[in-house]
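Have a look at the structure below, then the notes.
Numbered from 1 within each chain, the chains take letters A, B, ... in sequence-line order. Note that these values count all heavy atoms, side chains included, but never hydrogens, waters or copies made by symmetry.
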2 protein chains.
Amino acid sequence: MALAGKTKQDIVSEFRRAEILAVARTVFAAKGFNDATVDEIAQAAGIAKGTVYSYYTSKREIYLAALLEGHADLRARTRVAMEEASGIHAKLHAFIKLRLQYAEDNRDFIRIYHAEFGNLTNGAASDGQVQEVYLEQARYLESVLRDAIAAGEIRATHPEPLAFLIYDMVRSVLTQRTLGWSKNTMEDDLNLLSNLIWNGVAPR
Amino acid sequence: MALAGKTKQDIVSEFRRAEILAVARTVFAAKGFNDATVDEIAQAAGIAKGTVYSYYTSKREIYLAALLEGHADLRARTRVAMEEASGIHAKLHAFIKLRLQYAEDNRDFIRIYHAEFGNLTNGAASDGQVQEVYLEQARYLESVLRDAIAAGEIRATHPEPLAFLIYDMVRSVLTQRTLGWSKNTMEDDLNLLSNLIWNGVAPR
DNA sequence: CTGTAAAATGACCGAACAGTCATTTTATGG
DNA sequence: CCATAAAATGACTGTTCGGTCATTTTACAG
């Protein structure tokens with residue numbers, strides 16, 4: 001029973017936690033951390049506030065769970081997508097494509113993610129845990145870029161800032177799409193981004 | 001006296017308003033809108049809370065003033081710098097350079113600016129005024145890019161998303177520098193950015 | 001020096017809200 | 001069907017803080 005060291009209670013409990021998280025993401029996405037209230041989350045989940053506090057110990061804990069759990073999923077999918085692709089050009093293309101698609105499918109999460117990682121100097125990001133997660137993410141892309149530079153697949157530049165830049169370029173496009181400022185199809189935005197990163201703006 | 005339709009009181013009043021704004025920027029930069037308190041701003045300015053409220057009618061008004069006044073300055077300088085440069089390559093270089101330098105010289109403001117424009121879906125940015133300012137900014141760069149495309153100075157791409165992207169690429173580097181994550185000199189970061197936008201990452 | 005208006009003050013008010021806990025409801029297993 | 005424990009509830013508490021305003025201080029004109 002080592003595999004299932006979980007009682008029936010544990011399983012139910014885990015399910016409730018997940019339910020609350022899903023609802024919380026919607027509320028936090030719509031209002032931001034400060035303007036969302038725990039009462040609101042409870043109501044949206046159809047339970048009483050006290051019940052929320054028997055699954056999470058604080059508002060912040062709920063928020064961090066919503067952020068970090070979603071992030072872990074995105075991170076895992078990102079790695080798979082990049083490892084499946086071969087060659088740096090394809091890897092970068094896969095990276096962008098996955099994230100554009102993920103944002104389409106997980107709008108609430110992506111709002112929280114951008115609110116947090118878009119503003120690392122305030123908010124939950126002052127939390128060391130969150131900054132660490134952010135850095136870890138960048139370091140993975142950085143290592144991929146470093147390999148590509150070593151293999152002569154791309155021009156030699158500093159891979160660290162480049163990794164951050166690529167994240168932020170994707171974020172930029174996602175923000176535009178989220179706000180309805182992009183008239184392009186996802187495909188168009190994907191190609192635009194991929195192409196810009198690869199070729200820049202210089203005339204051919 | 002049309003030029004100086006200002007009484008002595010008006011001038012003093014304007015000076016006090018500016019004093020409060022300067023202090024407010026420091027406090028908002030350090031704590032963010034929600035965690036900063038009006039009492040704190042007042043204390044830092046060496047005045048009582050009530051006095052603050054005789055110059056501004058709300059906390060939000062102070063914040064917006066700090067943001068928009070700083071933005072107007074940055075906007076004006078950005079235009080001058082770009083108009084002085086000739087050719088799109090030089091214009092873009094000037095754009096990046098100016099903003100890197102401005103961030104160095106106005107750290108508090110830039111934190112507020114990034115906190116707000118980095119997270120357009122929550123916070124003050126839900127405010128239509130702020131979004132409009134942001135869009136206006138992008139449209140100027142967009143028009144410059146459009147001209148360059150028409151003149152064949154750069155490859156033909158959609159100038160709208162490109163304008164946003166360039167803003168966000170600069171922001172990305174500024175964030176890294178603000179957090180002390182960049183080991184590069186300003187000059188290095190400037191060249192990296194300028195070069196990436198112009199040439200992409202493809203091997204020569 | 002004095003009277004008056006403007007400016008500054010900070011105690012105070014009320015609303016919002018995170019978090020608690022005594023009470024009630026539900027589930028379980030004998 | 002009952003006894004008991006677990007889960008859910010929501011009224012309540014304490015605190016924080018934006019904004020107000022009666023009172024005090026300062027500035028200044030005559």
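Counting only distance, with no hydrogens or angles, the side chain of A/Arg155 and the backbone of B/Gly200 share a donor-acceptor pair below 3.5 Å. Here the side chain of A/Lys91 pairs no donor or acceptor atom with the backbone of A/Leu141 at under 3.5 angstrom.
Using a 4.0 Å cut-off, some side-chain N or O of B/Arg16 falls inside it from OP1 or OP2 of C/dA8.
Each of B/Leu179, B/Thr178, B/Val173 was compared with B/Thr175 under the side chain to side chain contact (heavy atoms under 4.5 Å, CB included) criterion, and only B/Leu179 meets it.
Nucleotide D/dG18 holds its P atom 10 Å from the CG atom of B/Asp35, rounded to whole Å. Remark: C1' of C/dA7 and CD of B/Glu19 are 14 Å apart, rounded to the nearest angstrom. Rounded to whole Å, the distance from CG on A/Asn34 to C1' on D/dG18 is 14 Å. Regarding B/Arg60, its CZ atom lies at a distance of 15 Å from the C1' atom of D/dG19, rounded to whole Å. For the pair A/Ile20 CD1 and D/dA8 P, the computed distance is 8 Å after rounding to whole Å.
Nearest-nucleotide mapping onto DNA chain C: of A/Phe33 and B/Asp39, the residue sitting toward the 5' end is B/Asp39. Map A/Lys59 and B/Ser54 each onto its nearest nucleotide of DNA chain C; the residue landing nearer the 5' end is B/Ser54.
As judged by a 4.0 angstrom heavy-atom cut-off over every strand, A/Tyr56 is placed among residues making no nucleic acid contact. Using a 4.0 Å heavy-atom cutoff across all strands shown, B/Ser58 reaches sugar-phosphate atoms only and no base atom.
Relative to the ring axis of A/Tyr140, A/Arg79 places its NZ or CZ within 45° and under 6.0 Å from the centre. Under a cutoff of 6.0 Å and an axis angle of 45°, A/Arg60 and A/Phe33 form a cation-pi pair. In this structure, B/Arg17 forms a cation-pi arrangement with B/Tyr56, its terminal cationic atom sitting closer than 6.0 Å to the ring centre and no more than 45° off the ring axis.
Looking at residues 40-53 of chain A, you'll see A/Ile47, A/Ala48, A/Gly50, A/Thr51 sit with a heavy atom under 4.0 Å from some atom of DNA chain D.
The aromatic rings of A/Tyr167 and A/Tyr134 lie tilted to each other, with the angle between the two planes from 30° to 60°.
Listed nucleotides: D/dA7, C/dA8, C/dA18. Nearest to the side chain of A/Thr37: C/dA18.
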